[in-house]
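A quick write-up on the structure given underneath.
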Amino acid sequence: MSQKFYLTTTLPYVNAIPHVGHTLEFVQADVIARYMRQKLGNDNVYFNVGTDEHGLKIFRKAKKEGLEIQDYVDKYAEKWKEFCELLQISYDRFIRTTDTDHIKSATEFWETCDEAGDIYKKKYEGLYCVGCEEFKTEKDLVDGKCPAHQKEPEKYSEENYFFKFSKYQNKLLELYKKNANFVKPKSKLKEMTSFVSSGLEDFSISRRKENLPWGVPVPGDDEQVMYVWFDALVNYITTIGYGSNEEKFEKWWPCVQLCGPDNTRFQSAMWQAMLMSAGIEPSDQILVHGMILAEDGTKMSKTIGNVVSPFDLIERYGVDAVRYYLVAGIPTFSDVAFSYKQLESEYRGDLQNNFGNLLNRIITLIKKREVEIDESRVDSNFKKKVDEYVENYTEFMDQFVLYDAMKKVEELGTYGNRYIAEEEPWAKNIRHEEAEEVLNNLHYLVRRMIVCYSPVLPEKCKKAEQALKNLENVILFEKI
RNA sequence: CGCGGGAUGGAGCAGUGGUAGCUCGUCAGGCUCAUAACCUGAAGGUCGUACGUUCGAAUCGUACUCCCGCAACCA
């Protein structure tokens, strides 16, 4: 049986405007997906993205814009699809939580948790923050306001369904303990462990329909709809056939998930408990990427006006520079201040100079020297050396440490540039066979570079491959 | 004491007990195949502060200072 790999991103709210953080997550995920396709074959990788389309916030925004809710979410879902296209995101499915199979799947999931005895009804009086889509305790509030949204929460008193989160405290801790890589990086796993250890409270998973008509109906209760988080999380299994195609589901589950630091809890605690309740094995791994801060190292904020728009970035630098920077220019799992200067220097240094330029040098020399390219002529020691870099790259990629993996490819390029300078295959006094060996070596090296870079720079690498095959000089990376 | 992360040459980072390293930038030289690209060399750091452990600490301990995230639209 061949190995399968299923990767999913966290679904953004459909009405959010794509920012650099989303861009980071999408690009990281896409690079992983493309790498795994290289490794396992296209048919053995499934890559999920999509939009989260329920909830009070969306309901109200739609009203505000004067649109029917469905029209409203359709409009914004389209924008996210365009965003994916712009970024060259090679998803297998773009799921929307309003898709019919998702409604069905969420319903079935609810019923399963209910049968397991993990859903119960309870009268709840509380302060609800629409911004957070969450009930707040007095303790959470600062000056009577939600600290996250600077707004006074609304008083709600309603009877809702609750999920027995507390029941899974020990099981979650076992899960974390058993698998030290369950949440990556380790510091986030530690955070989760201490969060779960401190005690869990059951959370509310439904809303009264009269307050919020926009949601998945709770099965067997006409007056309630599912709380947006509950249904949204289920998308990870809907997309691979839960509730509609058992065989497909078995084939793909479990998944590797990407999420932002603010989402760690939902993905690695709540969602895992929900899966346990439904008798489904936990996710394979949660990868928590870093947070991109503004250039001064503080948080990006529209109010302060220091946000970086991905659309502007792509327009100014092109999609390759942006993709490359997000993967190779910033550490994969830690917070980092965004830097235009670094984006530019990574692009120039690594892509234009180290990689693109080397490719052209080699193409020109092969043409000028009229040497024959044949892999059997590659020196075995040289090959070994090159393969070492590639192996290091592979090890890092397999652990999803994209940043370190990219550094290895860059080092390989540096090695090539050093080698060509030492051997001087352009020198007049060099023998033909010698030049032939050197150029075969370099040809091999740059081909390996192309393979390693192609998950990040798919289009450019195709061009590079063509150029190398046809021995045509090419400017892969335009000046920026 | 809510929880967590961090402070290393001009900038960004690596480095979990044994003579401080990488990338970019700067300066000097070399090469000419190449997208003024490439190669070599140099300058530049008492590793946030103070105590402590140790033959020896960027690395371990304690205290402190500052920054950031969880936690404003939000990955």
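Here is how names work: the chains are called A, B, and so on, in the same order as the sequence lines, proteins then strands, and each is numbered from 1. Model, not experiment: these values are computed from the prediction.
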Interatomic distance where [atom1] belongs to [X] and [atom2] belongs to [N] [whole Å]:
| X | N | atom1 | atom2 | answer |
| --- | --- | --- | --- | --- |
| A/M406 | B/rU23 | CE | P | 18 Å |
| A/N429 | B/rU32 | CG | C1' | 14 Å |
| A/L445 | B/rC33 | CG | P | 21 Å |
| A/Y347 | B/rG12 | OH | P | 24 Å |
| A/E424 | B/rU32 | CD | P | 7 Å |
| A/L293 | B/rC68 | CG | C1' | 7 Å |

Does the side chain of [X] pick up a donor-acceptor pair with the side chain of [Y] at under 3.5 Å?
| X | Y | result |
| --- | --- | --- |
| A/Y324 | A/D350 | yes |
| A/Y444 | A/D387 | yes |
| A/E191 | A/T264 | no |
| A/R96 | A/N235 | no |
| A/T239 | A/N48 | yes |

(request) Between A/Q342 and A/A421, name the one whose nearest nucleotide on RNA chain B is closer to the 5' end. (result) A/Q342
(message) Assuming nearest nucleotide by heavy-atom distance, tell me which of A/Y403 and A/R348 is located more 5' along RNA chain B.
(response) A/Y403
(message) Using a 4.0 Å heavy-atom cut-off, does A/F26 contact any base of the nucleic acid, only the sugar-phosphate backbone, or nothing at all?
(response) nothing
In whole Å, measure the gap between the [atom1] atoms of [N] and [M] for me.
| N | M | atom1 | value |
| --- | --- | --- | --- |
| B/rA20 | B/rG44 | C1' | 13 Å |
| B/rC66 | B/rU53 | P | 28 Å |
| B/rA36 | B/rC47 | P | 42 Å |
| B/rA37 | B/rU46 | P | 32 Å |
| B/rC22 | B/rU8 | C1' | 12 Å |
| B/rG6 | B/rG61 | P | 13 Å |

Could you work out which one of [options] sits closest to the side chain of [X]?
| X | options | result |
| --- | --- | --- |
| A/E410 | B/rU23, B/rA34, B/rC31 | B/rU23 |
| A/Q352 | B/rC33, B/rU35, B/rC70 | B/rU35 |
| A/N417 | B/rC39, B/rA34, B/rC70 | B/rC39 |
| A/V336 | B/rU35, B/rA37, B/rC13 | B/rC13 |

(request) Treat primed atoms plus P, OP1 and OP2 as sugar-phosphate and everything else as base, then score nucleotides 1-10 of chain B 5' to 3': B for base contact with protein heavy atoms under 4.0 Å, S for sugar-phosphate contact only, - for none. (result) --SSS-----
Are the aromatic rings of [X] and [Y] close, with centres under 6.0 Å apart?
| X | Y | value |
| --- | --- | --- |
| A/F333 | A/Y403 | no |
| A/F338 | A/Y325 | yes |
| A/W80 | A/F94 | no |
| A/Y347 | A/Y317 | no |

(message) Using modelled atom types and a 3.5 Å cut-off, is there a donor and acceptor pairing between side-chain atoms of A/S309 and backbone atoms of A/F311?
(response) yes
(message) Below the 4.0 Å mark, does B/rA34 have OP1 or OP2 next to a side-chain nitrogen or oxygen of A/N473?
(response) no
(request) May I ask you to verify if any side-chain N or O of A/R418 is less than 4.0 angstrom from the OP1 or OP2 atom of B/rU40? (result) yes
(request) Describe, in one word, how the ring planes of A/F165 and A/F195 are oriented to each other, choosing from parallel (under 30°), tilted (30 to 60°) and perpendicular (over 60°). (result) tilted
(message) Once pairs are restricted to Watson-Crick or G-U wobble with both distances under 3.5 Å, how does RNA chain B read as a dot-bracket string, [ ] for crossings and | for other-strand pairs?
(response) .(((((((.[[[[.)..(..]]]].(((((.......))))).....[[[[[..)....]]]]])))))).....
